[in-house]
Protein chains: 2
Amino acid sequence: MNRPRPTSRDVARLAGVSRTTVSLVLNNVPDVKISPETRQRVLDAARRLNYYPDVSARRLVSGKTHTIALVWHRGPDATYRDAFLPGLLQGITRAARHYGYHLLFRPIDPDDPDEAYVELARGRHTDGLVLSGPRSDDPSLLELYRDGFPLVLHGQLPGTEVPSVDVDNVRGAIQAVHHLLSLGHRRIGMITNAPLAYISSRQRLDGYRQALEAAGLTYDPELVQFGNFDEESGRKAMLSLLDLPTPPTAVFVASDMVAIGALRAILDHGLRVPEDIAIVGFDDIAAARFVSPPLTTIRVPAFGLGWTAGELLIRIIEQDQPEHTQVLLETELIVRRSCGAKEGGGK
Amino acid sequence: MNRPRPTSRDVARLAGVSRTTVSLVLNNVPDVKISPETRQRVLDAARRLNYYPDVSARRLVSGKTHTIALVWHRGPDATYRDAFLPGLLQGITRAARHYGYHLLFRPIDPDDPDEAYVELARGRHTDGLVLSGPRSDDPSLLELYRDGFPLVLHGQLPGTEVPSVDVDNVRGAIQAVHHLLSLGHRRIGMITNAPLAYISSRQRLDGYRQALEAAGLTYDPELVQFGNFDEESGRKAMLSLLDLPTPPTAVFVASDMVAIGALRAILDHGLRVPEDIAIVGFDDIAAARFVSPPLTTIRVPAFGLGWTAGELLIRIIEQDQPEHTQVLLETELIVRRSCGAKEGGGK
DNA sequence: TAATGTAATTAACACGTGTTAGTAACACGT
DNA sequence: ACGTGTTACTAACACGTGTTAATTACATTA
């Protein structure tokens with residue numbers, strides 16, 4: 001703060017060369033001849049002055065910011081909001097660092113205007129955006145995409161070609177239901193993670209249906225209830241299922257948080273898990289290990305989603321045409337006690 | 001990508017004025033006379049061209065980046081790493097947005113050089129840094145501080161004047177132990193969250209001691225065991241306490257994750273919680289609500305820490321001398337079932 | 001009428017860097 | 001002696017903005 005920071009001009013003066021030479025040396029520009037002595041003099045001078053190039057100037061002239069941004073929509077889903085953020089962030093930043101990029105984190109609060117992130121792109125804060133939780137009614141998103149601005153969605157926007165990374169919800173649900181089927185269950189209920197307006201909710205329901213039909217069972221709407229992100233919604237949905245003339249012997253709950261509510265409802269009802277009713281959840285949030293009984297669930301690869309989104313975005317930025325721009329990542333079945341399997345090893 | 005983005009020169013041309021006028025209008029520079037018609041012409045032109053100023057150029061000339069960075073050291077503490085990040089990040093970004101700043105997120109992995117963040121400051125990526133989990137043997141930190149670079153620590157560096165924000169670990173521990181005392185316990189053990197090399201660990205132990213002494217009890221080293229961040233360390237530590245000739249009737253475990261391990265040890269030993277041994281944890285991680293019995297604990301205000309650190313940093317950046325530059329935030333006792341209190345209401 | 005003041009606008013410089021086109025010095029072959 | 005390369009370096013421009021000092025046009029005052 002006291003003395004001004006050194007510029008490349010200061011380095012040039014100290015080394016007795018031109019500013020151009022300093023730039024050429026410090027950036028290791030290939031195919032340019034600089035004598036070893038001069039090169040060393042420049043490096044010494046830079047070190048002595050503790051010189052760091054000013055990134056703003058560099059960005060201005062190069063047109064590249066070497067920064068990507070994560071735009072994080074805070075929706076109503078607290079699980080998504082809190083449980084996945086650390087893994088996703090770590091994945092994105094790891095990818096960013098690997099390619100020499102920085103990460104700008106930009107949450108969009110419910111009271112923010114939806115297109116608050118546009119400024120990041122238009123003002124050249126960043127070379128590209130990862131948009132988490134895109135809304136299909138967002139016009140600025142498609143506008144940016146049409147203008148050729150590098151964009152990757154975390155989530156999906158059906159009917160568009162916008163590059164995206166998401167979990168394979170359909171296959172995840174199939175894994176869960178298939179597991180219950182393999183344990184002998186034939187009357188399997190489902191509680192969705194959210195209302196069907198949410199894509200992930202539709203997809204997980206679809207997987208449930210596919211798994212049943214592949215096993216020769218008919219889909220019965222009466223066995224399906226709708227959750228709404230939180231525990232309480234799971235409790236209520238489960239009570240409805242328990243009220244049926246013939247309740248299911250197993251339930252697939254497409255969200256761990258909702259599943260925890262369902263679990264509570266079953267226990268409060270005087271039934272046992274998994275002996276009377278088996279449960280499989282979805283997400284593998286941290287708490288799933290700690291409820292009683294520990295929850296069998298479908299793990300979502302948060303780190304992998306982050307890494308993949310980051311890498312895909314950077315490859316788009318650098319014009320390195322990736323073959324697949326819409327990626328679905330596999331889930332993993334984590335067997336714990338709530339499903340009644342002999343024991344899978346999911347620690 | 002196709003056509004080049006518009007510059008202020010384009011706006012000036014379209015509005016039929018000089019570039020200077022455009023700048024004056026768009027930045028609402030006070031005490032400068034622009035006729036209303038001209039002003040409107042400029043605004044219209046900017047809107048028609050969808051003009052956004054280039055931040056790199058703006059930063060270069062102004063010398064301000066309007067960006068702060070969060071440097072996140074990934075230590076061995078998984079709880080700290082994952083459970084607090086969402087709240088802390090939300091707090092910092094909220095503060096940043098409130099003052100018109102952006103946030104750069106920079107994790108430092110164990111394999112990164114410790115001073116990898118210095119480039120952020122020296123290269124003018126950011127106007128200031130929040131350093132989470134500072135190490136006292138970090139020379140570049142003190143160097144930056146001496147050079148007057150705006151810095152706020154999340155955590156503490158005893159013996160320095162570097163501005164910092166942290167939880168009041170001593171008082172938090174006192175709250176926990178005081179609660180157990182008020183329930184009638186006289187033989188209270190402790191398991192630390194980590195080895196005593198960690199400041200938070202020493203402070204929580206200190207609080208335990210102070211609370212005992214304030215109640216007229218003598219500190220007994222045989223009742224103190226040392227945890228090491230994870231469940232397993234808590235299990236082992238608890239087994240040692242159970243092996244004592246006279247085990248304690250209550251335990252203060254200075255980390256929820258460690259406490260969950262201790263809880264398991266007690267139950268595995270055939271004892272009941274809280275009837276035989278009461279437990280109070282520390283941190284209030286998400287899982288604390290879901291274990292059986294639900295864990296009474298000390299809540300750490302993650303959002304508040306983030307907000308306070310962000311606001312303090314920005315006030316330092318903007319030369320708005322804050323009166324207190326070393327802040328300790330209060331914790332909150334969350335009563336659940338593991339302590340045996342009648343019921344506090346901690347949901 | 002000339003001097004003075006005020007409102008509205010702009011020319012010109014600065015910020016610190018990357019990069020292109022060019023120059024000077026010198027060796028080499030004919 | 002003269003062109004032809006090659007090596008090692010530099011002068012000058014560009015990037016897009018904020019801001020200071022100057023300029024013009026015009027009303028007001030002495």
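By convention in this document, chain letters (A, B, ...) are assigned in the order of the sequence lines, proteins followed by strands, and residues within each chain are numbered from 1. Scope of the values below: all heavy atoms of this structure, side chains included, with no hydrogens, waters or symmetry mates. This one's a predicted model, so the numbers in the text were calculated from it and none came from an experiment.
- The only option from B:Arg59, B:Arg124, B:Arg122 that meets the salt bridge (charged side-chain N to carboxylate O under 4.0 Å, His left out) definition with A:Asp54 turns out to be B:Arg124.
- Nucleic acid contact for A:Arg19: base, since at least one base atom lies under 4.0 Å from a heavy atom of the residue.
- Residue A:Thr21 is in base contact, counting any heavy-atom pair closer than 4.0 Å across all strands shown.
- Counting distance only, with no hydrogens placed and no angle test, the side-chain atoms of A:Thr20 and the base atoms of C:dT19 include a donor-acceptor pair under 3.5 Å.
- The one candidate from B:Gln90, B:Arg97, B:Arg94 that meets the side chain to side chain donor-acceptor pair (under 3.5 Å) condition with A:Asp109 is B:Arg94.
- Within the 4.5 Å cutoff, side-chain heavy atoms of A:Glu143 are placed close to those of B:Asn50.
- Across all strands shown, B:Thr38 has heavy atoms under 4.0 Å from sugar-phosphate atoms exclusively, and none from any base.
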- Task: Dot-bracket notation for DNA chain C is requested: 5' to 3', Watson-Crick or G-U wobble pairs only, both distances under 3.5 Å, with ( ), [ ], | and . as defined.
- Result: ||||||||||||||||||||||||||||||
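- Applying the side-chain hydrogen bond (donor to acceptor under 3.5 Å, both in side chains) rule to A:Thr325 yields no partners; only residues at least two apart in sequence or on another chain are considered.
- As a whole-Å value, the separation of A:Asp31 CG from C:dT19 C1' is 14 Å.
- Counting any heavy atom pair closer than 4.0 Å across all strands shown, B:Ser23 reaches a base atom.
- Applying the 6.0 Å contact sphere to CG of A:Asp31 captures no more than 12 heavy atoms from other residues, nucleotides or ligands.
- Between the side chain of A:Asp127 and the backbone N or O of A:Thr65 there is at least one donor-acceptor pair closer than 3.5 Å.
- When rounded to the nearest whole Å, the span between CD of B:Glu37 and P of C:dA8 equals 9 Å.
- Base contact: A:Leu60 has a heavy atom under 4.0 Å from a base atom.
- Residues A:Asp10 and A:Arg13 are paired through a salt bridge, judged by an N-O separation under 4.0 Å between the basic side chain and the carboxylate.
- For the pair A:Lys33 NZ and C:dA25 C1', the interatomic distance rounds to 17 Å; values are reported in whole Å.
- The residue B:Val17 sits close only to the backbone: its heavy atoms come under 4.0 Å of sugar-phosphate atoms, none of a base.
- Closest-nucleotide positions on DNA chain C for B:Arg41 and B:Ser62 were compared, and the one nearer the 5' end corresponds to B:Arg41.
- Put simply, chain B comes within 4.0 Å of DNA chain D, heavy atom to any atom, from D:dG16 to D:dT20, going 5' to 3'.
- Without hydrogens or angle criteria, B:Arg9 side chain to B:Arg19 main chain gives no donor-acceptor distance under 3.5 Å.
- Side-chain contact check for B:Ser23 and B:Thr20: no donor-acceptor pair (N or O, by modelled atom type) lies under 3.5 Å.
- When the nearest nucleotides of DNA chain C are assigned to B:Leu24 and B:Arg124 by heavy-atom distance, the more 5′-ward of the two goes with B:Leu24.
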